[in-house]
Each structure stands twice: as structure tokens, then as C-alpha cells.
There are 2 protein chains.
Amino acid sequence: MSTTEKLLDAAETRMRKGGYNAVSFRDLANDTNIKSSSVHYHYPKKEDLGSALVERYSKQYFDTLAANTKTATSTEQNLRAFQAIIRHALVQDDAICLCGLLGAERAGLPSVVANGVQHFFEKNIKWLESILSENMPDAQKTASANTLLAGHQGAMMLARSTNDNKVFDIITDQLIAQTI
Amino acid sequence: MSTTEKLLDAAETRMRKGGYNAVSFRDLANDTNIKSSSVHYHYPKKEDLGSALVERYSKQYFDTLAANTKTATSTEQNLRAFQAIIRHALVQDDAICLCGLLGAERAGLPSVVANGVQHFFEKNIKWLESILSENMPDAQKTASANTLLAGHQGAMMLARSTNDNKVFDIITDQLIAQTI
DNA sequence: TCCTGTCTATCTATTGATAGAAAAGTAAGC
DNA sequence: GCTTACTTTTCTATCAATAGATAGACAGGA
């Protein structure tokens, strides 16, 4: 694995736990067994690192979404794939969505990072609108897409806050049932 | 206004923008025109400050909720008050919920602060369950309460992330319509 | 006289960041 | 195969700024 990938892995793990300011160059250097000055070689400024991380996260997320909905033929199948991907990120990594956390911290982020987060959410909305029933009026599509996205992100936050992943399933099952 | 109140005000403003690590003793000292050592006099450790802030925030939140639902006679009236309080926090303060942000950062917080956040959300769930229709089965109450809370918190995050408060109204209107 | 609150002064640790040397790898020419 | 030249990567060493935190002096009111 390349050094940049190792750095992004370490940064993602740390950032998804404590946020943007919980990641330092020295932490990443220790995690990857190099010196902090070498981290700066790959990512001169912290916002370069943050921006690259959001880009990679977003790409992986939508690649997985595309792969896991390749054979989906209904809104419900698409939504179940959406739910499962987010659930996996919560349970497997024991952390919330990178962009969910950075979105909450938005006002304290470098603008290049904040823009990446905004783009991630806009793509999410577009995808959700695209898989909702064609019978649904556009305004209703927008509302449902936003509700599903906010609900899934909020569900992750709530599950971690109360230390109970069951609430994620309860919430997202209900959201999907209310949509289809 | 007392110094501790001024300090908590300054801390709340900063923390609700950038998170726990975006607040420093020197920032608060400058905001309140005292020295950082004097801040330590009132809150010896940062976790004391964080904990006191979450306590005050939670108290104000539930006090307002109680006051604004005093004459409410239906689930819808209660939910509209709930929605309005959160909306006010988003629009007026141009920031998301303190506990929503700290909940996202939970893994990086001192445990005393994380516990305060958890308690805040548990109280929210209990209140929401208490105002839902008595005809509703308990399991359904729990699901709806969690969905409403996660949805409102996620809606704040999404509104700030996309720089568009309209999505808050769209999401929360839909959530309430789906519940009553 | 005591208590509350603020001050000056200072400490250690950590932060993001940089300059420049050294090493490791790559490719071309002989 | 060996040497030279160049590029990429990592290193040592260091910087100024900021972090949370503490000791002890000083001021003012009860």
C-alpha cells in the first residue's frame, strides 16, 4: 500500500472519531511509521490532506453505492443498499460518516474541505432523487431525498451518542417504510 | 451578566461552530476581556467547561420546550413547538445544535462531556415518546421518537453543510407529516 | 481578616510548517 | 555491469504559535 493511502487511512480513522481538529501530522506520522515532515511532503498543508480525504471517501462511497445497486430493480432495493452501506460504515468502523462529522463542524473548516463535504451531500441528494418512484412529484422527491439523507446521518450520530447501534436500524427501517 | 455566563455564552458560540477542539481558553479570555488564567479559575479543566456548557444548554432547551408546549393539546402542536425551537437555534444562531455536534465528535470527547450529551438525547427521546399518540404501540413510539430526533438533528447538519436552511423546513415538515 | 476574583508570569506539550541534508530508487550512456 | 545523473522520498533539526494548566501576588468587598 502506498504511503499516501496509508496516510489517508490513518487520517480517516482518526477524523471519523474526533473530527478535523483531532488529527495531527504527528499522529499520522506515528501511525504510518514516518516523520511528520514526510507527511508534509505528501500533503503540504492540512487542508490538502482534508480535501484529499473527503475526495477519496466520497469516491469510495459512490463507487460502492453504484456496485451494490447494479441489479436493483425497485426503489426499495436501492434504498436497502443505501441503508446497508451506511450501516456497514457505522458498525464495522465503529464511527460515523466522515462527511456527517465534517458537515457538523463546517463553520470551522477550511473552505476547500467544506466544499468537498457540500458536494458529497449534493451528490447523495441527486442519487436518492434518481431512485425514487417516477410517479412521485418532483417536490416530493426532493423532500424524501433530503429526509432520507438527514435521517440516515442523524441516525448514525444518535447511535454513537447513545452507544446503541440498534437505534440506527429502528430509524432507518422506519424512514424507508415511510418512503416506499 | 456573571462572568461564568459570559464564558458559557462565548464557549457555546464557538463550540457550536467548530466543535469541542475549536474552543481554547485564550479565545474565551479574549471574548470576555479577562485573562486565560481567570478562565481556569471558573473552570479549572476544559472538561469542566464542556460539561457545564452541555448542562446549561440542555436545561435551557428543555425549559423552553416545557414553556412552549404548556398549552399544547395535540401531538402536532407539541411537535410544531419542538420543530420551532430547533429551527430557531439553527436560523437565529446560524449554528447547529451543541449536542448534535458534540454527539458526532463523541469518541474524541472527555467522558464526562460525552455522558452529558448522551443524557440530552435520552431526555429528548423520552419527551418525544411522551407526546406521541397514546394509541400508538410502544415499539412504534420508540421508532417515531428516534426518527424525529435523528431527522431534526440531521436536518440541521444538512442545512448548514449545503448552506441552505430551506432543507431544514422541508425535512422536518415531512417528518412531522409522516408521524401525526 | 478572610474570601472571591483577577492578575502577571511561566511551564510543558503540541500544533502546523519549513529548510536543507541524506538516502533510496530510476533510467540512460558507455 | 557499472557509472553517472536525476527524481522521489524520507530524514534531522528547528521554528513560531498555540494548547491546557499552575503558582503566587494583588485588589476589592464582606
Side-chain angles (χ1 to χ4, degrees), chain A residues 1-56 98 101-102 105-114 116, chain B residues 1-56 98 101-102 105-114 116:
Chain A
M1 187 163 36
S2 73
T3 303
T4 54
E5 279 177 324
K6 281 190 215 163
L7 286 169
L8 292 179
D9 284 350
E12 182 176 329
T13 300
R14 290 186 176 273
M15 211 172 278
R16 282 177 63 188
K17 300 266 183 187
Y20 188 79
N21 291 316
V23 176
S24 81
F25 280 79
R26 277 167 186 80
D27 289 336
L28 301 182
N30 290 333
D31 291 345
T32 54
N33 293 314
I34 60 175
K35 300 296 169 184
S36 70
S37 55
S38 301
V39 182
H40 279 281
Y41 169 79
H42 295 283
Y43 299 104
K45 310 217 160 200
K46 194 176 179 181
E47 64 186 50
D48 300 326
L49 187 263
S51 178
L53 181 55
V54 170
E55 289 304 307
R56 188 187 74 156
L98 174 71
L101 208 174
L102 294 182
E105 291 178 333
R106 185 181 191 276
L109 295 179
S111 61
V112 60
V113 180
Chain B
M1 189 163 37
S2 73
T3 304
T4 53
E5 279 177 325
K6 281 189 215 161
L7 285 170
L8 292 179
D9 284 351
E12 182 176 329
T13 301
R14 290 186 176 273
M15 210 173 278
R16 283 176 63 189
K17 300 266 183 186
Y20 188 80
N21 293 315
V23 176
S24 81
F25 280 79
R26 278 169 185 76
D27 289 337
L28 301 182
N30 289 335
D31 291 345
T32 55
N33 293 313
I34 60 175
K35 300 297 169 182
S36 70
S37 55
S38 301
V39 182
H40 279 280
Y41 170 77
H42 296 284
Y43 299 105
K45 309 219 161 197
K46 193 175 180 183
E47 65 185 50
D48 300 326
L49 188 264
S51 178
L53 180 55
V54 170
E55 289 303 308
R56 188 187 74 156
L98 173 71
L101 209 175
L102 294 182
E105 292 179 332
R106 185 182 192 278
L109 296 180
S111 60
V112 61
V113 180

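Bear in mind the structure is a predicted one, so any value in this text is a computation, not a measurement. First the proteins, then the strands, lettered A, B, ... as listed; each starts at 1. The figures that follow rest on heavy atoms only: side chains count, while hydrogens, waters and symmetry mates do not.
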Atom-to-atom span, OH of Tyr43(A) to P of dT18(C) - whole angstrom: 17 Å
With Asp48(A), which residues qualify under salt bridge (charged side-chain N to carboxylate O under 4.0 Å, His left out), at least two apart? none
Tell me every residue that passes side chain to side chain donor-acceptor pair (under 3.5 Å) with Asp27(A), counting only those two or more places apart in sequence or in another chain. Ser24(A)
Sidechain N-carboxylate O distance under 4.0 Å for Asp31(B), Lys6(B): no
Salt bridge between Arg56(A) and Glu12(A), side-chain N to carboxylate O under 4.0 Å? yes
Can you check each nucleotide of nucleotides 5-16 of chain C against protein heavy atoms at under 4.0 Å and return B for base, S for sugar-phosphate only, - for none, in 5' to 3' order? BBBBB-----BB
Are Lys35(A) and Phe25(A) in a cation-pi setup, meaning NZ or CZ lies under 6.0 angstrom from the ring centre and within 45 degrees of the ring axis? no
